[in-house]
Amino acid sequence: MQIISVAIGTQYELEVQRLIKTIGLPVNVLTTKSTKYHKINNDPLIDGLYHKTNFANCFDDIDPNIPLIFCDADMFALKANPLKDFNVNDDVDFAFVPYSGKYHFPDQIRQVAFDAFGYKINSGFMYFKNLLIAQNICTKWASAYLQRVALYETASNVSKYEYDEYALMISLIDHNYNIQLLDRRWNDFDLNTREDIIKSDSVFFQSHDLEIV
Amino acid sequence: MEILTNYPVKDPTKVGQRFLYQCNEWHYLSQPEIDALGWPETAGFPAPVNKAIFGYSNVILLNGYSNVSFSGGTPTINSIYDILGLGSKCHEIKIFNPNSIQLATPKNFHLLKNLEDAGTTLAFNIMNTNTSKSIIESIFEQLPNTNKVATIKITNTPEANLVNISIATSKGYIVIL
């Protein structure tokens with residue numbers, strides 16, 4: 001398993017150090033110092049999210065035949081060796097934790113994307129069977145993300161604060177991947193109080209509270 | 001000082017005057033005071049003199065005259081459910097209340113003109129509360145139109161499947177059942 005993260009900006013670079021320490025395995029991190037980092041937007045949030053959406057195309061040293069796990073930089077675990085029990089079915093191409101709930105949107109494109117899946121994708125923790133699948137997904141994802149970015153100034157109900165996940169879903173409306181939904185324990189993204197996190201049996205959490213600088 | 005027994009209403013002729021309502025001191029705001037708060041209101045809008053902040057520095061929530069059921073609040077049955085709050089951005093208004101509590105009479109949600117998500121942090125979360133269909137729809141009706149990305153989560157409220165979602169989606173909100 002190869003662990004990948006993206007940390008664009010000083011605070012995400014600090015956060016990813018926490019991820020590396022808690023995962024206990026090598027983590028390949030894309031930063032602004034990476035050779036394949038190319039700034040595409042002056043807004044650090046947009047720039048960072050773009051590189052997340054395109055992460056699989058931004059590394060030179062990924063083994064193409066070993067599965068990848070992408071982790072958001074602000075993830076952390078409280079258990080030693082947190083990935084030791086992680087597995088997916090052999091035929092799975094792409095796996096992630098879904099959000100719960102049925103979403104109703106003010107616009108068609110996101111409604112179509114949601115209805116195609118039946119859930120919203122959480123992109124904080126994702127499994128890819130191999131680099132080629134990750135690259136194919138990321139190429140479409142990054143393209144869709146930039147199309148969303150182009151709408152920020154002109155369209156209602158579209159802004160950088162939707163982050164990257166709707167772009168991922170829009171890009172995969174017609175996908176043919178074999179998807180496996182992961183249990184919430186692999187990214188318990190809703191938990192945000194110290195008390196809730198400590199008493200949880202989940203493996204990974206996210207801090208969410210960064211100010212982007 | 002005048003004592004009001006009914007919920008105060010806007011009166012532009014009383015700008016600057018103070019009164020008591022449910023043991024708290026209120027005043028009728030002037031237009032500059034309202035503008036300074038960034039509220040979409042006009043002169044004479046009534047508001048408590050002392051506003052409470054419930055853990056969210058960019059949200060001003062009314063406290064005291066009734067028991068509002070936000071995080072840290074102490075809910076009582078049939079609370080007036082009042083929001084006086086804005087800011088440059090208003091991420092994550094969460095309402096917590098035990099299922100035994102029935103909230104009633106939402107007020108002033110039209111002031112929430114800056115509700116906006118931040119990734120997985122939703123603008124407005126009332127999941128796991130006992131909030132009724134009629135209260136949720138009243139909140140939807142009061143909320144202003146938005147062109148932002150603002151999500152309202154009503155999951156696991158007792159009548160969620162009966163709520164007219166289109167009231168909110170037609171104003172630009174995302175609603176999660």
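Each chain gets a letter, A, B and so on, in the order the sequences are listed, and its residues count up from 1. The basis for the numbers below is simple: all heavy atoms, side chains too, and nothing from hydrogens, waters or symmetry mates.
- Summarising the local packing, NZ of A/Lys36 is surrounded by more than 12 heavy atoms from other residues, nucleotides or ligands at distances under 6.0 Å.
- Scanning residues 168-177 of chain B against chain A with a 4.5 Å heavy-atom cutoff picks out B/Thr169, B/Gly172, B/Tyr173, B/Ile174, B/Val175, B/Ile176, B/Leu177, ordered by number.
- Inspection of non-hydrogen atoms places A/Tyr99, A/Ser100, A/Gly101, A/Lys102, A/Tyr103, A/His104, A/Phe105, A/Pro106, A/Arg110 of residues 98-111 of chain A under 4.5 Å from chain B.
- Applying the salt bridge (Lys or Arg N to Asp or Glu O under 4.0 Å) rule to pairs touching residues 138-153 of chain A yields A/Arg148-A/Glu162, sequence neighbours excluded.
- For A/Asp164, no part lies near chain B; criterion is any non-hydrogen pair under 4.5 Å.
- Few gaps surround CG on A/Asp183; more than 12 heavy atoms of other groups in view lie less than 6.0 Å from it.
- A/Pro82 meets the side chain to side chain contact (heavy atoms under 4.5 Å, CB included) test with A/Ile23, A/Ala77, A/Val203, A/Phe204; sequence neighbours excluded.
- For chain A, the option among B/Thr151, B/Asn147, B/Thr146 with the highest count of heavy-atom pairs below 4.5 Å is B/Asn147.
- Note that the CG atom of A/Asp190 and the CG atom of B/Leu122 stand 7.5 Å from one another [nearest 0.5 Å].
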